[in-house]
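Structure, as structure tokens:
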Amino acid sequence: MDRFESMAVFVATVDKGSLRAAADAFGMSAPMAGKHIRHLEERLGARLLTRTTRRQSLTEIGQAYLDQCRVILEQVRAAESCTQALRSTARGKLRINAPVTFGSVMLAPVLTQFLTQNPEVQVELTLNDRVIDLVDEGVDAAIRIGLLADSSLVARPLKPYGMVICAAPSYLLRMGTPQRPDDLVDHQCLGFTHWSRKGGWTLGRSDTPPRGWPVSRFQSNNGLALRMAALEGFGIVMQSSVMLNGDVAAGRLVEILQDHRPPPHPMHLIYPKDRQPVPKLSRFVDFMLAHFGV
């Protein structure tokens with residue numbers, strides 16, 4: 001038998017003064033209500049109620065148990081009420097993970113709009129370029145760039161993540177402007193360490209220079225650091241258009257090799273499956289698709 005239901009029947013029996021009244025309140029027969037009481041007494045190994053033909057009274061153990069039942073049942077009601085509230089209104093903390101560049105340049109500014117539209121939601125945004133386990137790290141949703149591994153997560157496609165190749169005017173004046181990928185072997189190409197594990201700089205398959213890619217003297221796991229090195233005129237940077245378009249528009253960087261841009265990377269919003277997703281996550285998914293969806 002359900003222990004919480006048995007507790008509730010026991011409390012109702014005391015409050016209403018009889019098993020029959022408690023049974024009526026729960027829509028069950030009086031014998032069934034009596035079984036709930038006996039179930040508790042058997043578990044406890046003690047009598048809870050002393051019953052006669054005219055009245056019933058609590059034993060000493062019954063009184064102590066009654067007080068605890070009231071506390072427990074109230075906690076259960078509070079927990080259920082809280083759950084129902086979270087299911088009906090967008091509220092609570094939303095934990096989001098995103099790549100550093102997209103998260104800082106594109107996502108963070110629009111998240112302020114999301115928070116304004118949903119005043120009872122709090123957002124915790126973590127930025128890194130590693131693939132995390134959403135469940136292990138307690139993350140509600142994440143943005144992933146690149147091909148997705150097979151998983152049980154829901155994946156909603158976002159606009160592809162484009163790349164550009166740029167250099168500062170001072171660098172091009174000093175070193176010349178590459179006209180084709182093969183020219184890059186004679187230039188200072190700034191290296192992203194995540195690419196280094198996969199063989200370094202790559203463009204399209206047909207754009208691999210016959211002489212191979214140069215070894216990058218300056219490498220970083222952070223695209224913003226590579227951008228700063230490029231702005232200083234140290235070398236050629238290949239990073240997201242999200243990061244570099246502003247510098248190109250302002251003339252601080254010049255885009256080169258436009259016809260040899262790497263293919264855009266697929267980008268997805270992922271989150272765990274839930275038959276009834278809570279409103280804070282549903283609202284965020286709709287918000288992301290409205291701003292960055294394909």
Separation between OG (Ser29) and CE (Met32), nearest 0.5 Å, reads 5.5 Å

Using every non-hydrogen atom in the two residues, find where His187 and Asp183 come nearest and quote the distance to one decimal. CD2-O, 3.1 Å

Give a yes or no on whether the backbone of Thr13 and the side-chain of Gln56 come within a donor-acceptor separation of less than 3.5 Å. yes

Check Asp67 with Arg70, please: is the shortest side-chain N to carboxylate O separation under 4.0 Å? no

N/O donor-acceptor pair under 3.5 Å between Asn118 side chain and Val121 backbone: no

Between Arg227 (side chain) and Gln239 (backbone), is there a donor-acceptor pair under 3.5 Å? no

Any salt bridge linking Arg261 with Glu255? Criterion: basic side-chain nitrogen under 4.0 Å from a carboxylate oxygen. yes

Shortest non-hydrogen separation from Gly251 to Pro169 and the atoms involved: O-CG, 3.6 Å

Less than 4.0 angstrom from a charged side-chain N to a carboxylate O is my criterion; do Glu74 and Arg77 meet it? yes

CD of Gln117: more than 12 outside heavy atoms within 6.0 angstrom? yes

Has the side chain of Tyr65 got a donor or acceptor atom that lies under 3.5 Å from a matching backbone atom of Leu40? no

Could you label the plane-to-plane angle of the Phe102 and Phe292 rings as parallel, tilted or perpendicular, counting under 30° as parallel and over 60° as perpendicular? perpendicular

Main-chain N/O of Ala225 paired with Ser220 side-chain donor or acceptor, under 3.5 Å: no

Taking CG in Leu289 as the centre, count heavy atoms belonging to other residues, nucleotides or ligands within less than 6.0 Å. Is the count above 12? yes

